[in-house]
Amino acid sequence: MTTATVAVPKAAPKRETHSSQVKMSTRGVKVFYGDSQALYGIDLDIIENEVIAFIGPSGCGKSTFLRCLNRMNDTITGCRVEGDVTLDGNDIYAPSLDVVLLRAQVGIVFQKPNPFPKSIYENIAYGPRLHGLAKRRAELDEVVESSLQRAGLWGEVKDRLDQPGTSLSGGQQQRLCIARTIAVSPEVILMDEPCSALDPIATAKIEQLIDELSASYTIAMVTHNMQQAARVAHKTAFFHMGDMVEVGDTDKIFTNPRDQRTHDYITGRFG
Amino acid sequence: MTTLTIEAREVRRRERLETIEKSLDRRHAKERRFRRMGLAAVTTGMVLVVILFSSILMRGLPAFWQATFYLDIHFDPEVVQVEARPVQEAGERAADFRDRDLAWQSQVGLVNWQQLIDDALEAELGEEIEARQTRDLRALVTSGERRALRDRFIDDPSLLGETKRLKLLASANVDVWIKGNIDRDLPDAQQQLSAQTREWADALHERGVIRNAFSTALFLNPDSRSSLASAGLAGAFMGSLFMMLIVIVLSVPIGVASAVYLEEFAPKNRLTDLIEININNLAAVPSIVFGLLGAAIFIGYLRLPLSAPLVGGLVLTLMTLPTIIIATRASLRSIPPSIRQAALGIGASRIQTVFHHVLPLALPGILTGSILGVAQALGETAPLLLIGMNAFVSNVPGSPLDQATALPVQIYLWQGNELRNFFEARTSAAIIVLLALMLSLNALAIWLRKKFETRW
Amino acid sequence: MNNLALIATVLIVMALAYQLGLTRSKAVAGSGERLHSRPGYYGVLVALWCGLPALLLFILWSVFEPGIIDLLVFQQLPPEVAAFSEREQQLVMRRIAALAAGQNVADPQDFERLAASQQARLEMLGHLSMLATMSIVAVVGLVVARRHVTPRLRARNHVEKAITALLATCSGVAILTTVGIILSMIGEAMNFFRFVSPVEFFFGTTWNPRFSSSGAGGQGEYGLLPLLWGTLMVSIIALLVAIPLGLMTAIYMAEYAPAWLRSVAKPVIEVLAGIPTIVYGFFALIVIGPFLSGFGELVGLNIRTTSALTAGLVMGIMIIPFVSSLSDDIITQVPKALRDGALGLGATKSETIRQVVLPAALPGIVGAFLLAASRAIGETMIVVLAAGNNPVLHANPFEAVSTITVTIVNQLTGDMDFASPQSLVAFALGLTLFVITLGLNVIALVVVRRYRQQYE
C-alpha cells in the first residue's frame, strides 16, 4: 500500500485493493449466550483499509460477530466466545492481551448515537485524555479539531464546542460519535448499523464519511440495508442463522452470488 | 488529508501504542483499587449486619432462660387459713354468689403467701433462719411469685394441705448473680445482694434447686416494676397486636383505594399532581411528626384517651398509608395496558376492568407492599412516645381503648431500667422477639413476591 | 344504642334495601323492557340511597353535637364560672361530663350536678333526634330510589360513579393528613409563640426550659440553635458514613458483583433497612458507644459513650441501605449505550463508572443524598438513646449533643399539658423539622423526577 488519496466514486466502490494485507482474521468463531449458540464457526479475513459490510436478516448474528472483533461481548454476562480472532496476527482473546489496548486499536460506533452527557469538546477529548494521547491542551485542541473535521462536523459545531453533545441532531450526534472514535486514532473501526436510527440525508452524510475514512482505516460495518452495503463496501459478507454463508467483493455478491440463500436474500425473498 | 508513507504510519502507530501501554499499569491499578473499595463497602455492610445481630443475639438469648427455683411448696393450712371456696347454692342469685366469691377471694388475698415460700426455702436450706435474715431470704425469690401462688390457689383450692413441686422465678438480682452478669469479686458495698443471699443462691444453685429454665414469664407476663424478674412482653405484644389490626383494617383498604383512584381513574391535572407530590412527601416525613399530629389532633382535639392502642393504631395508619399507596401504584403500573384494553374491548366498564382484571393481577404486589408497610409500623417507636404509649402498664390490655404499650416502646422502657445487668439481656431478648416478628413478616413478603413474580 | 350497633343496624338496613332494589328491578324487567344494567346494580343503588345519606348525617351529627351541647350547658352555668380561668373552666366542664356519664366525681357541687343532669338530658335528646332523623332519611332515600328503578335507569353508571367518588375520597385522606400536620403544627406553634417570641426561638443560643410550670416568669429559655446544630452535626456524621459506603456498595452491586454475591448481599443489606430504629439505638448504646469510648481511651481522646459521634455513626449505618438501594436504582437506569460508548473507546470499567456513569447519574444521586439527609434529620430513636441529650452549642463530635427530635420527645412525654410553653415548644420544633425535611424532600423529588424523565 502506498498512499491513500483516491476518493472512491460513490455508487461503485470498485477500488483495487492496495495491498492484501490481512488486518483481522477469525477462525472458527463460535458465540454462545448462555445455552444458546449464536454463531457457528465463522472464518473471515478483514483486509487492511477495506470496508467490509456484514449483511443478513435480523438475528443472523452479524452484530454479535462484529462485537467479537473488539471484545465488546465481554460486557454481556453469559456470553462466551470460542475460536480465534487475531489483530495483526495477535490473538485478541489471549489472556495476556489487554482489552483496553485492543479497544484503542479497534474502535466501535453503535447503532444509536450515544454521546456522553458532556460538552461536544469533552466528548471528543475523552478518548485521547483517557489514553494519555495528548499531553498539552493545545495538542488536545488539535486532536478535537481534526477529529471533528474528519467527521465532517467541524463546520457545524466549531462555535458551540462547550454545548452538551446531546443538544445535536441525531445525524450530528452519530458523526460526533464517529469523531469521538477517530480521536483515539484506532486502526480498525467497527460500525454497528450506524445509520439505522437516522434519516436519509444524515445517512448519506455518514456514508460519505465512511467512504472517506476508508482511506486511512479498516472498517467493518453491519447493515441491514443492502443498498448501503452496495454503495460503501468493498467486500460484503452474508450472514444467515449464525453462519457466514458467503463473502466476496461487493459487486460479485450482489450480481452473482454463489449461494442460493444469498441470492434469495438480496432479491428480497426473505429478510 | 495528509499523505504518509507506510513506514511513517507504522512508526506513528507504534508510538501511539507505546504511549497507551505505558499508562496501562497505572490505570489497571486504579481499576483494582476502585473495585476493592466497592468490595470493602459491601463487606463492611455485611459485617455490620453480622455484628449487630450477633451482639443482640449473644446478649439476648441467655435471657430466654431464667434462674428458677424448683421448690416443694406446702400449702400449710396453718398459714393458709381460709374457708372452703363458696359454692353456688340452689336458689341463690348469681349476683349474691359472686359477692360471696369475691369476699372469699379477698380473704385469700390476705393470706401471707410469702410465708409459704419462706418455709419452702428454709426446708431446702436445712437451717434455722433467724428473723434478721428474713430480708436476705426474701431477696431470693422474686416478689411477684406470692401473687402467682395466690392465683394458683384460687384456681385450685384443693391444694390446701398439699405439697406441690413448683417453679418459682428467682429475683432479678439472683438471676444476674447466677449467670455471672455481675463481677463476683466486687466488694459487698457494690453488690446488689447481701453476702448471705449470695451464699444461699450459690448453695441452692449447686444442689439444682435453682436452675436455668426456659422463661415463660417473658412471653406470658405483662410488664412489672415491683417484681422485675417476672416482667414480660405480653402486655406490649397485645398492644402491638391491637395497633397492627387497626393499621391493617384501615390503611390497606384506604391505601389501595387511593392508589386505584390515582392510577386508574384520576384525571391528570394540577390537583392529582399535587396529591402525588404530597403522597411522596408524606412517605418521607419523619415519623415523629406523625406523633405530633396524633398528640395534637387525636389527644388534644378529639380527646381520645392517652396511651390507647386505638390512637397508636390511627397514627401508625396515617404513617403507613403513603407506603401502601406507593407500593400499590407501582404494582398497578406494572400491569401492561394490554390487559386493560382487552377487558375494555369486550365491553367491560372501567370499574369492572379494574376490579375484575387489574386488581387481581396486582394483588401480589399490593400484598407485599402492605406487609412491608405493616412491618415498618410494627417497629416504629418515636410517634408512640408522644401519645403516651410509654406509660408503665402492668396488665394486658383487653381492648384498643385500654392503656397499653407496644413492643418497640417496651424495648425503650426496658433499656432505660436502672438494673442494667438484668435488663440489658431482657431488652435484647425483647429485641429478638420483635426482630423475629418483623423478619417473618419480611420473609412472608419476599416469599409472596417470589411466588407470584410475573414478567410481562 | 352505641355507635357500633348503630352502624351495624344501618348496614343491615342497607342489605334489606339491596334486596328490595333487586326484586323491584326484576319486577320491572318482567314487564318486557330490557334492563339497562344487571339487577344487582339496582339493588346496590337503592342500598346506597338508603344508607349513605343516613351515615353522612350520623358523621356530621357526631362531629358537631358535643360542641353544641357543651355550649348550651356552659351558658346555663352560674355567672361566677365565667370568671374562672380558661383552665378551670375546662376542668369544670370535664367534671360535668364525667357526672353526666354516671361516673363518680370528688365532692360535686350543686351547680355541677344540675348542669350534669341537663347535659345528660340534652345528650339523650340529641341521640334520639339523631336516630329519628336518620330513620326518616333512610326511609325517604329507600322509597325514592325504589320508585326510580326503571329499566332505563343507568344503575351501573350511578353505582360506578359512587365507587369512584369513594375511591377519590380515600385518596383525600393523604391530603387531609398533610393538612392536619400543617394546621396542628402551625396552630400549636402559634400558641407557643404567645409565650416566646419567634426571634428568641429561632435565634436563641440557649436551650433551658424549666419544668417548674408553676412559677410565673420562670418559663426558661427556648433557643433553637443548639438543637439545630446538634441535629446538623449528627446528620453530617451520619452522611459521612452512609454516602461513601452506600454509594460504593451500590456501584459494586450494580457493576461488579457476580450474580451469586448480589443475590446474597442485597437481601442482607436490605435487612439493615428493615431493622427498627430503636434496635439501632440500643446497639449504639451497648456496642458502638462503649467501643468508641474505649477506642478513644486507647488513642488518648476523650470520647463519651453517648455522643454525636456514636449517634451519627449508627445513624449512618442505618441509612447505608437507603442510600445504596436508591443509588443502585439510579445507576442501573443509566443506559447501557453510554457504558458501551466509553468501554468501546478503551476505558476501563472504573473509568467508565467514574467519568461517564456517575456524571450521568449525578442529579439522581444527589436527590438520593438529599432524601438520606432528610431521613437523618428526622431520625429520633437513635439520637434519643445515643446522643446524650446535651443541648449546648459546641463543635466537639465526641461530646454529647441534643437534637430537635430528642427535644420533641423530652418535652412532650410525661404529662401532656397543651397550655404550657414547655409542651407547646414541641410543636414549634416539629414545625421546624417538618419544614426542613419537606424542603429537602421536595427538592430531592423534583431532581430525581427530572432525572428519570431524562432517560425514559
Side-chain angles (χ1 to χ4, degrees), chain B residues 27-28 30-31 34-35 37-39 41-42 44-46 48-49 52 55 254 257-258 260-262 265 275 277-282 284-286 288-289 292-293 295-297 299-300 306 318 321-322 325 349 351 375 379 381-382 385-386 388 390 408 411-412 415 424 427 431 434-435 438 442, chain C residues 156 160 163-164 166-168 170-171 173-175 177-178 180-181 184-185 188 245 248-249 251-253 256 265 268-269 271-272 274-279 282-283 285-287 317 320 348-350 371 374 378 380-381 385 405 408-409 412-413 416 418 426-427 430 433-434 437-438 441-442 445:
Chain B
R27 286 170 65 192
H28 284 308
K30 242 182 176 172
E31 165 77 24
F34 189 73
R35 182 190 270 254
M37 271 163 60
L39 189 60
V42 175
T44 313
M46 307 239 283
L48 284 171
V49 175
L52 199 151
S55 62
I254 297 180
S258 334
V260 167
Y261 178 72
L262 291 174
F265 298 103
I275 296 181
I277 292 176
N278 169 44
I279 286 172
N280 283 330
N281 265 318
L282 269 186
V285 164
I288 192 160
V289 171
L292 285 171
L293 172 77
I297 304 273
I299 310 258
L306 267 173
L318 294 182
L321 258 183
I325 296 177
S349 70
I351 294 260
T381 321
L385 298 184
L386 302 191
N390 55 343
I411 292 169
Y412 173 69
Q415 65 77 32
E424 197 169 286
T427 311
I431 288 179
L434 176 66
L435 285 183
M438 290 185 65
N442 276 300
Chain C
R156 193 181 83 182
E160 293 190 344
I163 294 177
T164 318
L166 180 73
L167 296 180
C170 285
S171 69
V173 173
I175 293 267
T177 309
T178 309
I181 288 176
S184 62
M185 295 288 149
E188 304 290 347
L245 279 175
M248 280 316 285
T249 301
I251 290 172
Y252 193 82
M253 289 298 192
Y256 287 108
V268 170
I269 290 173
V271 163
L272 275 177
I275 294 176
T277 55
I278 176 81
V279 177
F282 186 66
F283 178 64
L285 200 62
I286 63 163
V287 179
I317 296 174
I320 288 175
T348 63
K349 220 165 174 182
S350 66
L371 284 179
S374 124
T380 310
M381 292 322 292
L385 294 191
T405 50
I408 293 176
V409 171
L412 214 54
T413 45
M416 207 156 303
F418 281 93
F427 292 94
L433 183 68
F434 182 71
T437 52
L438 183 76
N441 294 340
V442 168
L445 288 173

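Not measured: the values here are computed from a predicted model. Per chain, numbering begins at 1; letters A, B, ... match sequence-line order.
With a 4.5 angstrom heavy-atom cutoff, C:V268 touches chain B via backbone and side-chain atoms both. Contacts between C:L445 and chain B at a heavy-atom distance below 4.5 Å involve the side chain alone, from C-beta outward. If you measure heavy-atom distances from C:I251 to chain B, the contacts under 4.5 Å come from the side chain alone. Interface residue B:I431: only side-chain heavy atoms are found under 4.5 Å from chain C. Looking at B:T44, the atoms closer than 4.5 Å to chain C (heavy atoms on both sides) all sit in the side chain, from C-beta outward. Residue B:Y412 touches chain C through both its backbone and its side chain, counting heavy-atom pairs closer than 4.5 Å. Heavy atoms closer than 4.5 Å to chain B are found in both the backbone and the side chain of C:T405. The part of C:I320 that comes within reach of chain B is its side chain, from C-beta onward, which places non-hydrogen atoms under 4.5 angstrom from that chain. For C:L166, no part lies near chain B; criterion is any non-hydrogen pair under 4.5 Å.
Taking both residues in full, the closest heavy atoms of B:M438 and C:P276 are given as SD-CG, 3.2 Å, listed atom of the first, atom of the second, then distance. For B:A382 against B:I288, the heavy-atom pair with the smallest separation is CB-CB, 4.3 Å. Nearest heavy-atom pair across C:F283 and B:L52 is CE1-CA, 3.5 Å.
Between B:L282 and B:I325 the shortest side-chain heavy-atom distance does not fall below 4.5 Å.
Taking chain C as the reference chain and counting heavy-atom pairs below 4.5 Å, the highest number among B:L321, B:I351, B:L293 is found for B:I351. Of the listed residues B:G45, B:P408, B:P322, the one with more heavy-atom pairs under 4.5 angstrom with chain C than any other is B:P408. Between chain B and the residues C:L272, C:I286, C:V173, the most heavy-atom pairs under 4.5 angstrom are made by C:I286.
C:S171 is linked by a side chain to side chain donor-acceptor pair (under 3.5 Å) to nothing, counting only residues two or more places apart in sequence or in another chain. Applying the ring-ring contact (aromatic ring centres under 6.0 Å, His included) test to C:Y252 and every residue at least two apart in sequence or in another chain returns C:Y256.
Note that the CG atom of B:L292 and the CD1 atom of B:I299 stand 12.0 Å from one another [nearest 0.5 Å]. The CG atom of B:N280 sits 12.0 Å away from the CD1 atom of B:I275 when rounded to the nearest 0.5 Å.
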